[in-house]
Undergrad: 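Sharing a structure with you now.
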Amino acid sequence: MVEADESVRRGTVLVARRPSDHVWLILIWLALLTIPFIAPNAYVVSLANMALINLILIASLNLLMGFGGQISLGHAGFFGLGAYASGILNVKLGLSAWLGLPAAALIAGAAALVIGLPALRLRGHYLSMATLGWNAILVVLFNQLVDLTGGPNGLLGVQPFSLFGIRLDTEPRTFPLVWLASLLIMLAILNLLRSRLGRALRAVATNELGADAIGVDSFCTKLLFFVLSAGMAGIAGSLYVHVNQYASPETFGISGSILLIVMVALGGSGTYWGPLLGALIYTAVPQLLLDYEDAELMLFGLGMLVVLIVFPGGLANVPGAFMRRFGLKGRS
Amino acid sequence: MTAKLLQVDNLFCHFDGVIAVADLSFSVRAGEIKAVIGPNGAGKSTLFNMIAGVTRPSAGQIRFDDERIDHLPTFRRARRGIARTFQNLQIFRDMSVLENVMVGRHMRSAAGMTQAILHSSALRAEERAIAAAAMDLLDRFGLASKAQTQAGTLSFGQLKVLELARSLACEPRLLLLDEPAAGLPHAEADRMGEIISSLNRDGMTVLLVEHNMRMVMSLSHDILVLNNGRRIAEGTADEVRRHPEVLAAYLGEAEDA
């Protein structure tokens with residue numbers, strides 16, 4: 001009995017030494033809370049809103065791709081599906097944004113389930129191809145279903161979130177909502193990664209044969225995280241459409257999906273904090289390149305090549321690499 | 001008579017007309033160590049893969065605990081109680097040594113998605129139990145000091161032991177060991193032999209494929225000899241050693257070496 005107690009106590013120590021990421025998460029989000037107060041103008045707050053929505057997108061893609069080894073080329077499509085679902089429910093049926101948000105998550109998740117059921121049964125790059133096709137079809141639908149989506153002109157007249165009769169229609173008013181949503185998503189991802197499901201996901205990503213042999217259902221594990229990842233993108237879409245009160249098809253194209261993958265890699269694929277850097281770059285760099293809009297994608301591509309050649313693990317691994325370089329013990 | 005844990009009946013396997021296993025029947029009794037030996041190409045690996053669920057048999061039946069398992073995917077067989085190690089190691093290299101063993105507890109734990117996302121107290125308690133059980137296994141095999149090390153950095157011998165620890169985390173009733181001593185230096189191979197026999201003393205049923213004759217002869221209660229996909233002999237080490245067909249097909253070659 002004494003031995004059993006001892007081993008449980010040690011288990012406690014092993015598990016308990018980890019909440020430091022939780023602490024960091026809370027500290028960082030508390031710091032972010034000051035943005036509306038220190039931002040020089042509403043434009044900067046709107047960028048912060050966009051960055052946090054992008055963070056949800058990049059972090060959810062990183063969960064699937066960085067930790068699960070499954071590449072989705074349709075993440076912007078799930079984002080768009082969430083945006084249009086929530087937006088159309090609001091514009092056509094008058095459904096509140098608060099109901100549109102979970103609806104967007106469910107619809108994007110359900111779409112992922114339908115795609116994942118056949119595509120994830122096969123090993124290899126089938127998911128990439130299926131999601132690429134899926135994104136292409138969605139863009140056509142967003143453009144062609146003019147009665148529903150407004151077509152190329154975009155979906156107009158989307159109502160913002162409102163709380164106790166206050167419309168969250170200015171940047172400082174939407175910020176707390178986006179702040180909270182991104183915090184909850186980041187928390188959910190961290191908790192998932194720290195659970196048996198997260199471990200199973202990483203195991204399947206590194207060695208499916210080995211995972212199968214110890215009773216992990218690879219297919220269900222991949223499907224679960226694909227659906228979760230798409231559902232989170234749907235949430236980002238709903239936030240996007242009600243914050244901007246508008247959506248248009250070009251936001252959700254394949255180039256968007258590719259850029260999201262680039263941001264996952266740039267930040268550090270398979271690192272928990274990488275998406276934070278990815279979202280920062282994804283939001284800030286286009287602002288810096290406003291004058292060179294046509295070259296944006298090319299410059300992103302070049303930037304990614306340079307970063308990934310110099311730091312193959314992405315930017316989140318740079319501090320660790322430096323510490324190892326100078327003989328200090330690095331934390332991953 | 002002891003109960004038969006694994007029962008193989010009239011098993012066939014052919015790939016594009018090449019027969020790998022032909023009309024093979026044998027059983028593994030609960031509590032024994034059974035070895036499968038034979039020259040290269042005898043069909044040992046194919047047999048192993050059919051039992052583990054990696055290769056589909058062309059005909060025949062495999063029963064575990066009196067239930068047919070030959071239609072089940074690998075992970076379901078693992079959940080029934082068949083765990084395996086691999087000849088060429090299938091380790092989660094990017095994960096820590098401890099996490100590798102913790103994944104082995106996956107099927108012995110239950111927390112679902114909602115509990116995971118909410119980080120519920122039930123989940124935390126389960127996580128502590130998983131970590132403790134994994135740590136106990138690492139302790140038992142002398143890997144406790146490496147618990148937080150990335151698995152990919154371990155030596156080959158340590159990885160073999162880690163993979164064994166990971167499969168034991170599943171609490172299997174039948175352990176399939178695919179060449180546990182292959183590639184190990186003498187001393188480490190002997191240590192592996194001691195580990196296997198100590199597991200067996202604690203009641204574990206073991207089916208192993210192995211080329212190291214010293215290990216096979218000293219460990220096994222029962223030996224199945226294959227050649228060209230067929231059984232040519234079955235029995236104790238002494239019986240097999242004297243069997244004329246075995247001498248001709250297998251040990252004859254070995255003695256020359």
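Owing to the predicted nature of the structure, the values given are computational and were not obtained by experimental measurement. Chain naming here is simple, since letters A, B, ... match the order of the sequence lines and numbering starts at 1 in each.
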Undergrad: Under a 4.5 Å heavy-atom cutoff, which of B:A169, B:G112, B:C170, B:A116 has the most pairs with chain A?
TA: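 The answer is B:A116.
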Undergrad: Which residues in residues 208-215 of chain A have a heavy atom less than 4.5 Å from any heavy atom of chain B?
TA: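 So the qualifying residues are A:L209, A:G210, A:A211, A:D212, A:A213, A:I214, A:G215.
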Undergrad: Please state whether the side chain, the backbone, both or neither of B:A110 comes within less than 4.5 Å of a heavy atom of chain A.
TA: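 The backbone, not the side chain.
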Undergrad: Quick one: of B:G104, B:A111, B:G53, who has the most non-hydrogen atom pairs under 4.5 Å with chain A?
TA: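 Of the candidates given, the most pairs with chain A belong to B:A111.
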Undergrad: For A:N191 versus B:L118, what's the shortest heavy-atom pair and its separation?
TA: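 Answer, listing the atom of A:N191 first, then B:L118: ND2-C, 4.2 Å.
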Undergrad: Output, in order, the C-alpha distance, side-chain angles, deciding distance and verdict of side-chain contact (heavy atoms from CB on, under 4.5 Å) for B:E127 and A:R199.
TA: CA-CA 11 Å; B:E127 281 292 305; A:R199 268 195 308 276; 3.0 Å; yes
Undergrad: So for B:A52, is it side chain, backbone, both, or neither that comes closer than 4.5 Å to the heavy atoms of chain A?
TA: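 Answer is neither: B:A52 stays 4.5 Å or more from chain A.
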Undergrad: Say you draw a straight line from CG of A:L187 to NE2 of B:H119; how long is it, rounded to the nearest 0.5 Å?
TA: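 Between atom CG of A:L187 and atom NE2 of B:H119 there are 9.0 Å.
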Undergrad: Applying a heavy-atom distance below 4.5 Å, give me the residues of residues 73-94 of chain B that approach chain A, sorted by number.
TA: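 Within residues 73-94 of chain B, the residues that come under 4.5 Å of chain A (heavy atoms only) are B:T74, B:F75, B:A78, B:R79, B:I82, B:A83, B:R84, B:F86, B:Q90, B:I91, B:F92, B:D94.
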Undergrad: Around atom CZ of B:F156, are there more than 12 heavy atoms from other residues, nucleotides or ligands closer than 6.0 Å?
TA: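 Yes, enclosed.
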Undergrad: Name the region of A:L224, side chain, backbone, both or neither, that has any atom closer than 4.5 Å to a heavy atom of chain B.
TA: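 Only the side chain of A:L224 comes within 4.5 Å of chain B.
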Undergrad: Pick out which of A:R194, A:R202, A:R196 makes a salt bridge (Lys or Arg N to Asp or Glu O under 4.0 Å) with B:E99.
TA: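 Exactly one candidate clears the test, A:R202.
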Undergrad: If we define contacts as heavy-atom pairs under 4.5 Å, which of B:M95, B:M107, B:R166 has the most with chain A?
TA: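 Heavy-atom pair counts peak at B:M95.
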Undergrad: Please rank A:A205, A:A203, A:S195 by heavy-atom pairs under 4.5 Å with chain B and give me the top one.
TA: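 Option with the top pair count is A:A203.
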Undergrad: If I take atom CD1 from residue B:I117 and atom CG from residue A:L228, how far apart are they, to the nearest 0.5 angstrom?
TA: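 Atom-to-atom, B:I117:CD1 and A:L228:CG are 5.5 Å apart.
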Undergrad: So what's closer than 4.5 Å to chain A heavy atoms on B:Q115: side chain, backbone, both or neither?
TA: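 When you check distances to chain A, no heavy atom of B:Q115 falls under 4.5 Å.
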Undergrad: Is the CG atom of B:D16 crowded by more than 12 outside heavy atoms at less than 6.0 Å?
TA: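 Open.
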